[in-house]
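Values reported hereafter were calculated over all heavy atoms of this structure, with side chains retained and with hydrogens, waters and symmetry mates removed. Because the structure is predicted, anything quoted here is derived from the model rather than measured.
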Amino acid sequence: MNMKVAISGAGVAGAAIAHWLQRAGHTPTLIEQAPAFRTGGYMIDFWGVGYRVACRMGIEPAIRDAGYEVQSVRTVGADGKTKSELHVDTLGTIVGDDMISLPRGDLAAAIYDTIDGKVDALFGDSIATLDEHPDGVRLTFEHAEPQEFDLVIGADGLHSNVRRLVFGPEQDYEHYLGCKVASCVVDGYRPRDELVYLTYNVPGKQVGRFALRGDRTLFLFVWRDEHDNAGLSPKQQLHNQFDEAGWECAQILAAVDGVDDIYFDVVSQIRMDRWSQGRVMLIGDAAGCISLLGGEGTGLAITEAYVLAGELQRAGGDHHRAFAAYEAQLRPFIDDKQAGAKRLIGFFATKTRFGLWFRNVAIRSFAFPPLARMLAGSVADDFELPDYAI
């Protein structure tokens with residue numbers, strides 16, 4: 001059965017579900033608010049079940065080319081001297097050898113390249129209204145003419161438009177974890193530490209830097225804060241938090257002041273009693289965001305896209321049966337990942353100096369593989385990937 005499927009969001013989750021639906025013989029249409037496909041973004045570590053799905057998509061060579069073989073995660077003090085260091089080969093004993101680090105948007109681009117020219121996409125537009133009827137769903141858009149679809153998939157992230165239209169306001173489902181994040185890329189920053197993710201911490205705050213190709217450097221800021229900040233811009237908030245933090249922070253902020261494109265958001269989880277209603281299904285961060293600090297949201301989104309397309313295939317297009325089977329498989333997995341992500345907040349934004357000391361001791365203990373396996377259960381994947389005939 002060939003179904004017309006509207007997908008809100010052209011990021012990782014949206015591009016991935018479009019890939020699998022198109023491959024299964026359906027007709028997906030991507031709707032993306034941004035005027036063009038977005039690349040770049042903050043650095044992610046990509047491993048586990050999501051990596052295995054990416055291999056089934058045929059994009060492993062592309063993500064390897066775009067990625068970086070990070071050697072270690074190093075924590076430094078205000079004087080720049082190393083306080084702790086985690087070598088990535090130790091992490092490999094936990095999650096396996098199939099792991100790569102790359103900007104999130106570059107992974108999305110590798111997926112999008114598989115459907116470019118094969119799938120319709122409406123960029124610079126968004127869904128305005130959604131009217132479900134017995135035979136389908138009628139969508140109106142901010143700019144394009146109305147269209148009829150068989151299904152609608154909300155793959156539009158933490159601040160999902162589809163979730164708001166169908167399930168209600170964001171505050172009904174958002175659980176703020178007490179932190180904010182900002183990320184950007186600057187040109188020509190010095191010093192550089194190749195293939196090392198360098199972090200500096202003071203109580204409640206962390207800044208990290210990573211050297212990218214093309215003489216670029218990516219910065220990631222994490223800090224504990226109230227959910228709102230009285231209308232202050234991201235740059236103002238960064239200066240308020242990091243101006244007096246020490247290390248390279250003043251130099252970093254001076255470089256960031258010259259950048260126009262800054263990613264900025266709250267660190268929140270989305271928790272819902274159900275992910276579907278009628279002909280509408282939410283996937284990725286729109287349905288069960290584990291938070292940026294969980295470290296595996298991208299891989300989970302790719303996995304969810306594959307499972308949803310596979311269950312629609314198994315159910316012969318019966319979306320009621322497919323949606324129920326999809327949620328039965330994935331909800332325990334996502335719930336477990338959300339619980340693990342909450343425990344990781346202390347790694348990024350440790351509250352006290354004693355907590356920072358203890359965290360550094362824990363990182364050093366990861367050099368002993370048996371202890372590393374015992375301490376790192378939250379990053380390993382306990383999910384049997386189905387084999388669908390797609």
Note, Val185 side chain near Thr217 side chain (heavy atom, < 4.5 Å)
no
For Tyr263, ring pair (Phe, Tyr, Trp, His ring centres under 6.0 Å) partners two or more places apart
Tyr42
Identified side chain to side chain contact (heavy atoms under 4.5 Å, CB included) counterpart of Leu151 within the set Val5, Leu21, Ile7, Val137:
Val5
Side chains of Ile44 and Pro103, heavy atoms from C-beta outward: is any pair under 4.5 Å?
no
Can you list the steps and then say if Lys180 with Glu226 is a salt bridge (charged side-chain N to carboxylate O under 4.0 Å, His left out)?
CA-CA 9 Å; Lys180 293 180 179 177; Glu226 298 299 320; over 6 Å; no
Within the distance-only criterion (no hydrogens, no angle test), does the side chain of Gln338 pair as donor or acceptor with the backbone N or O of Ile270 below 3.5 angstrom?
yes
Closest heavy-atom pair and its distance - Val222, Cys179
CG1-CB, 4.4 Å
Could you check if a side-chain atom of Thr29 sits within less than 4.5 angstrom of a side-chain atom of Lys4, using non-hydrogen atoms only?
no
Test your reading of the model: is there a side-chain donor-acceptor pair from Lys235 to the backbone of Asp257, 3.5 Å cut-off?
yes
Side-chain H-bond candidate by donor/acceptor type, Ser268 with Glu174, under 3.5 Å:
yes
Using atom types as modelled and distance alone, determine if a side-chain donor or acceptor of Gln329 lies under 3.5 Å from a backbone N or O of Tyr326.
no
In this structure, would Leu330 and Val280 fall into the same cluster of hydrophobic residues linked by side-chain contacts under 4.5 Å?
yes
Can you check side chain to side chain donor-acceptor pair (under 3.5 Å) on His239 and Glu244, steps first, answer last?
CA-CA 8 Å; His239 276 284; Glu244 307 298 326; over 6 Å; no
Give a yes or no on whether a salt bridge exists between Glu327 and Arg274, defined as a side-chain N under 4.0 angstrom from a carboxylate O.
no
Ignoring hydrogens and geometry, is there a side-chain-to-backbone donor-acceptor pair from Glu32 to Phe123 under 3.5 Å?
no
Taking all heavy atoms of Ile100 and all of Arg64, pick out the closest pair and write down the distance.
CD1-NH1, 3.3 Å
For Asn161 and Ser8, which I'm curious about, is there any donor-acceptor pair between the side chains at under 3.5 Å?
no
So does Leu102 get a backbone contact from the side chain of Asp106, meaning a donor-acceptor N/O pair under 3.5 Å?
no
What is the distance from atom OH of Tyr173 to atom OG of Ser160, rounded to the nearest 0.5 Å?
10.5 Å
Supply the atom-to-atom distance Asp156 CG to Leu165 CG, rounded to the nearest 0.5 angstrom.
9.0 Å
Does a donor on one side chain and an acceptor on the other come within less than 3.5 Å for Gln269 and Ser291?
no
Applying side chain to side chain donor-acceptor pair (under 3.5 Å) to Glu311 and Tyr388, what does each step give before you reach the verdict?
CA-CA 8 Å; Glu311 291 301 332; Tyr388 298 109; 2.7 Å; yes
Between Val73 and Leu356, is there shared hydrophobic-cluster membership here, with clusters defined by ILVMFWY side-chain heavy atoms closer than 4.5 Å?
no
Please give me the minimum heavy-atom distance between Ile283 and Glu304, naming the atom from each residue.
C-OE1, 3.6 Å
Once you round to the nearest 0.5 Å, how far does SG of Cys249 lie from CD of Gln241?
11.0 Å
Which heavy atom of His87 sits nearest a heavy atom of Ser72, and at what distance?
ND1-CB, 3.9 Å
May I have the step-by-step check of side chain to side chain donor-acceptor pair (under 3.5 Å) for Asp285 and His159, ending in yes or no?
CA-CA 8 Å; Asp285 285 352; His159 307 294; over 6 Å; no
Which pairs pass salt bridge (charged side-chain N to carboxylate O under 4.0 Å, His left out) with one or both residues in residues 198-217, sequence neighbours excluded?
Arg190-Asp215, Arg192-Asp215, Asp193-Arg209, Arg209-Glu248
Grab the two heavy atoms, one from Ser276 and one from Met281, that are nearest each other, plus how far apart they are.
CB-CE, 3.7 Å
When you group the ILVMFWY residues by side-chain heavy-atom contacts below 4.5 Å and let the links chain together, are Leu195 and Trp47 in the same group?
yes
Members sharing Val186's hydrophobic cluster (side chains within less than 4.5 Å)
Val76, Tyr189, Val196, Leu198, Tyr200, Val202, Val207, Phe219, Phe221, Trp223, Leu238, Phe242, Trp247, Ile252, Leu253, Val256, Val259, Ile262, Phe264
Run the side-chain contact (heavy atoms from CB on, under 4.5 Å) test on Ile59 and Leu107 for me, step by step, so that the C-alpha distance in whole Å, both residues' side-chain angles and the decisive distance to 0.1 Å come before the verdict.
CA-CA 9 Å; Ile59 63 170; Leu107 175 58; 4.3 Å; yes
Side chain of Arg163, backbone of Leu158: donor and acceptor closer than 3.5 Å?
yes
Do His19 and Thr114 have side-chain N/O donor and acceptor atoms under 3.5 Å apart?
yes
Distance from Leu30 atom CG to Gln22 atom CD, nearest 0.5 Å?
11.0 Å
Is there side-chain contact between Val266 and Asp225, with heavy atoms separated by less than 4.5 Å?
no
Leu220/Phe210 under side-chain contact (heavy atoms from CB on, under 4.5 Å): CA gap, chis, key distance, verdict
CA-CA 9 Å; Leu220 177 69; Phe210 184 78; over 6 Å; no
Backbone N or O of Pro203 within a donor-acceptor pair of the Arg224 side chain at under 3.5 Å?
no
For the backbone of Asp150 and the side chain of Arg279, can you confirm whether one donor and one acceptor N or O come within less than 3.5 Å of each other?
yes
Start with the C-alpha distance between Asn360 and Thr75, add both sets of side-chain angles, then the distance that settles side-chain contact (heavy atoms from CB on, under 4.5 Å), and finish with yes or no.
CA-CA 8 Å; Asn360 291 333; Thr75 300; 3.8 Å; yes
Please work out which of the three classes, parallel, tilted or perpendicular, describes the rings of Phe383 and Phe333, given edges at 30° and 60°.
parallel
Distance, nearest 0.5 Å, that separates CG of Leu312 from CH2 of Trp20:
13.5 Å
Donor-acceptor contact present, side-chain Arg104 to main-chain Val12, <3.5 Å:
no
Worked verdict on Thr27 versus Asn2 for side chain to side chain donor-acceptor pair (under 3.5 Å)
CA-CA 7 Å; Thr27 305; Asn2 182 313; 3.1 Å; yes
Gap between atom CD of Gln237 and atom CG of Asn240 - 0.5 Å precision
7.5 Å
Compare all side-chain heavy atoms of Phe46 with those of Ile63 and state whether any distance is below 4.5 angstrom.
yes
Would you name the heavy atoms of Asp45 and Ser101 that are closest together and state the gap between them?
OD1-OG, 2.5 Å
Side-chain heavy-atom pair Tyr306, Ile17 within 4.5 angstrom cut-off
no
Beyond-backbone contact of Arg56 with Asp387, side-chain heavy atoms, under 4.5 angstrom:
yes
Would you check, one step at a time, whether the test side-chain contact (heavy atoms from CB on, under 4.5 Å) holds for Gln147 with Phe141?
CA-CA 9 Å; Gln147 292 189 47; Phe141 302 95; 4.2 Å; yes
Output yes when a side-chain donor or acceptor of Thr140 lies under 3.5 Å from a complementary backbone atom of Thr129, and no otherwise.
yes
Hey, are the side chains of Leu139 and Phe149 touching, using non-hydrogen atoms and a 4.5 Å cut-off?
yes
